[in-house]
Amino acid sequence: MVTATDNNGEGTEEQLIYSAKQYEDEYENTNSATDTIPQILDLNLRGMSIKVDRDTLVSLPESLLIAMFPNGLVLGRADPNSINNNSEEETDESNKGVMTTFVDFDYCCLDYVLKFYQYAQESREEHEMQNNLHDINFNYTTSTPYYPSLLDKRPIIVLREELEYYCVVSKTKKDLVQIKFASGEYLKQENLIFSALQKNIARENNIAEQHLIDMLCDAGFTRQDTWGHREIEPNKTCIISMSLILLKTAGSDNHMATAQKLLLFWRKPARKCWWDGKTVEICNEPIKLWARRTWTLELALI
């Protein structure tokens, strides 16, 4: 129990010791929790097996980890679609010393991110071989903040879109499930990253959103870029899209200023949500198609 501090300041030492002990306990608990996680994790993503290094998994974007493990990482999580587990398979797993964790997440999406991380790592190593990090000119001035993390890390811009769509049909004799699937395929083909946001800007004349596009294009994207990964979620009217790109940290002064702004999103994902709707012809039927788009912008360092 903490002793309250009186007016003379007595008891302050006890409070400081208590705080130090509390932080020490939290640090020890964090270390013990990390030690329980194996170095190599065997993940089963909707039937596709993949092995991921623990350090690589921890370095993944925060928004991606939340989508993969909404309730936290539970090692050895059973397949939720399996009612009865096969005892022979469990015995075989224990003999191998491998604990498989089932994750309800798209294998292709994670594979896309991991391949980009590998590319970024190779790019960083090549960059270090060609240049001395201490001799890199970042056009640093007294009025410009200094970010040492840009010297020894490769910043990656992570952009993720979660698109939930709704089909409004007045009267139809066709299967609604077929219409929903066809609507998803229609939206999936609209894979330009900034197309929907640009239409929203034109409709509402939102200057802040225009500045967002300008900033992202100045940081490495182009206005005609398409999503690196875009796929319909199984059994859902939802499309998940992701795109990763290396942040520009060299070149004009404007590039460096943009890089410094985007560093604010490191481990602090920012989200933006908006609605749009239009009438389209799906399966020879006029369909009012509503879409709720949620963008997540984040910066990762590798």
Side-chain angles (χ1 to χ4, degrees), residues 30 33-34 37 39-41 43 45-46 48 50-75 77 101 103-125 127 147-150 152-164 191 193-194 197 212-213 215-222 225-231 233 238-249 258-273 293-302:
T30 303
T34 305
I37 303 177
Q39 188 63 40
I40 302 296
L41 289 91
L43 304 179
L45 286 80
R46 297 173 181 170
M48 300 291 291
I50 185 173
K51 289 180 170 58
V52 182
D53 182 79
R54 179 180 63 186
D55 297 334
T56 302
L57 186 69
V58 172
S59 67
L60 291 178
E62 188 82 10
S63 56
L64 186 69
L65 292 175
I66 293 175
M68 290 179 63
F69 310 106
N71 300 318
L73 175 58
V74 181
L75 293 176
R77 179 176 181 266
T101 301
V103 183
D104 185 18
F105 193 77
D106 188 359
Y107 169 87
C108 294
C109 182
L110 180 60
D111 184 61
Y112 163 72
V113 175
L114 292 176
K115 286 181 178 178
F116 191 92
Y117 264 50
Q118 183 179 3
Y119 161 74
Q121 182 65 33
E122 293 172 354
S123 175
R124 174 192 169 189
E125 293 173 356
H127 189 266
Y147 292 93
S149 55
L150 291 179
D152 55 0
K153 300 286 186 180
R154 290 293 285 172
I156 301 173
I157 305 176
V158 182
L159 193 59
R160 184 176 186 268
E161 180 188 72
E162 183 175 338
L163 190 161
E164 300 172 273
N191 62 345
I193 296 178
F194 300 110
L197 187 59
L212 173 63
I213 294 180
M215 180 179 66
L216 291 176
C217 290
D218 191 57
F221 284 98
T222 66
D225 274 347
T226 57
W227 291 103
H229 168 82
R230 188 170 176 84
E231 194 57 65
E233 286 286 277
C238 180
I239 301 174
I240 300 298
S241 307
M242 285 199 70
S243 197
L244 280 69
I245 196 168
L246 291 176
L247 174 64
K248 287 183 180 179
T249 56
T258 301
Q260 292 167 353
K261 291 178 182 178
L262 287 171
L263 273 176
L264 298 174
F265 298 102
W266 179 49
R267 291 184 177 177
K268 295 179 181 179
R271 291 175 177 83
K272 172 178 176 52
C273 178
R293 304 173 190 267
T294 303
W295 268 25
T296 303
L297 175 62
E298 184 180 357
L299 190 81
L301 295 176
I302 185 172

**Message:** Quick one about H229 and D111 (side-chain donor to acceptor, distance below 3.5 Å, no hydrogens or angles considered), yes or no?
**Reply:** no
**Request:** Please name all residues satisfying salt bridge (Lys or Arg N to Asp or Glu O under 4.0 Å) with D53, sequence neighbours left out, ordered by chain then number.
**Result:** none
**Message:** Tell me whether Y112 contacts the main-chain N or O of L244 through its side chain, where contact means a donor paired with an acceptor under 3.5 Å.
**Reply:** yes
**Prompt:** Taking it one step at a time, do S123 and R154 satisfy side-chain hydrogen bond (donor to acceptor under 3.5 Å, both in side chains)?
**Reply:** CA-CA 8 Å; S123 175; R154 290 293 285 172; 3.3 Å; yes
**Message:** For the CH2 atom of W295 and the NZ atom of K272, what is their distance to the nearest 0.5 Å?
**Reply:** 9.5 Å
**Prompt:** Is D104 salt-bridged to R46, cutoff N-O under 4.0 Å?
**Reply:** yes
**Prompt:** Do S241 and R230 have a side chain donor and acceptor closer than 3.5 Å?
**Reply:** yes
**Asked** Any side-chain heavy-atom pair from L41 and L73 closer than 4.5 angstrom?
**Response** yes
**Message:** Going by side chain to side chain donor-acceptor pair (under 3.5 Å), name the pairs with one or both residues in residues 56-68, residues two or more places apart or in two chains.
**Reply:** S63-E298
**Message:** For the CD1 atom of I156 and the CG atom of L247, what is their distance to the nearest 0.5 Å?
**Reply:** 10.0 Å
**Request:** Please examine the side chains of L60 and L110, heavy atoms only from C-beta on, and report whether any two atoms are closer than 4.5 Å.
**Result:** yes
**Asked** Taking the inter-plane angle between the rings of F221 and F194 on a 0 to 90° scale, is it parallel (under 30°), tilted (30 to 60°) or perpendicular (over 60°)?
**Response** perpendicular
